[in-house]
Amino acid sequence: MRYWLMKSEPDAFSIDDLARVGTEPWTGVRNYQARNFMWKEMAVGDGVLFYHSNAKVPGVVGVARVATEAYPDPTQFDPESDYWDPKAAIDAPRWFLVDVAFERKLKDVISLDVLRANAGRLGDFVLLNRGTRLSVLPVTPAQWRTILELEPK
DNA sequence: GCCAACGTTGGC
DNA sequence: GCCAACGTTGGC
């Protein structure tokens, strides 16, 4: 089993939204590297750190699981969608996603500040790399453990 | 295949 | 709302 971090803007879709709906198709990823993680590397049951970006306090706010195999993101075919991709075809999809299932909300946010303060323990962590804007990124088992140990009591 | 222009991300 | 960083696009 592998581990991941997935970013969402809470104004658009928050951990509370995920708690309410239970499972959510992770639509709208339009970055090839992020797509490839979902398409080629994720497996059902993988652990997901749910991260709030563009938030008052950016950071990890919950734990989720990969709930499905990858499948084509339906929004790419929908001209009404913000995520419509005119270059995508039903028989030649460009974008893939997985469904993400709620597991739990953390007692409090593990802020980006706290993550940075523990950068030494986290080692080489994609999230903290300079200029990283990936919205889906890998987390090592050691990083997963370390981050969840930082959860406020 | 280069690279300038442009759009987006996301912290602040 | 600003803007640095970076990915994508498209002309050549």
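So that the names make sense, note that chain A is the first sequence line, chain B the second, and so on, each numbered from 1.
- Between the side chains of A:Asp16 and A:Ser14, no donor-acceptor pair is found at a separation under 3.5 Å.
- Ion pairing between a basic and an acidic side chain is recognised when a charged N comes within 4.0 Å of a carboxylate O; A:Asp73 and A:Arg35 show no such pairing.
- Position along DNA chain C of the nearest nucleotide to A:Thr132 versus A:Arg94 favours A:Thr132 as the more 5'-ward residue.
- In terms of the side chain to side chain contact (heavy atoms under 4.5 Å, CB included) criterion, residue partners of A:Val109 (sequence neighbours excluded) are, by chain and number, A:Val57, A:Val61.
- A nucleotide of DNA chain C counts as in contact with chain A when one of its atoms lies under 4.0 Å from a heavy atom; the first and last such, 5' to 3', are C:dA5 to C:dG10.
- When only modelled atom types and interatomic distance are considered, A:Tyr83 and A:Asp78 share no side-chain donor-acceptor pair under 3.5 Å.
- At a threshold of 4.0 angstrom between heavy atoms, the contacts of A:Lys87 are confined to the sugar-phosphate backbone, with no base atom among them.
- Every residue was checked against the ring-ring contact (aromatic ring centres under 6.0 Å, His included) condition with A:Phe102, not counting sequence neighbours, and none meets it.
- At a threshold of 4.0 angstrom between heavy atoms, the contacts of A:Arg130 are confined to the sugar-phosphate backbone, with no base atom among them.
- In the helix from B:dG1-C:dC12 to B:dC12-C:dG1, the end axes, each obtained as the rotation axis mapping the C1' atoms of four pairs onto the next four within a five-pair block, lie 10° apart to the nearest 10 degrees.
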Going by atom type alone, with no hydrogens or angles, which donor-acceptor pairs under 3.5 Å involve a side-chain atom of residues 123-136 of chain A and a protein atom two or more places apart or on another chain?
residue: A:Thr132; atom: OG1; partner: A:Val126; partner atom: O; Å: 3.1
residue: A:Thr132; atom: OG1; partner: A:Asn129; partner atom: O; Å: 3.4

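- In this pair, A:Phe13 and A:Phe50 present their aromatic rings tilted. The plane angle is within the 30 to 60° band.
- In this structure A:Asp85 satisfies the side chain to side chain contact (heavy atoms under 4.5 Å, CB included) test together with A:Gln76, A:Lys87, A:Ala88, A:Arg94, A:Trp95, sequence neighbours excluded.
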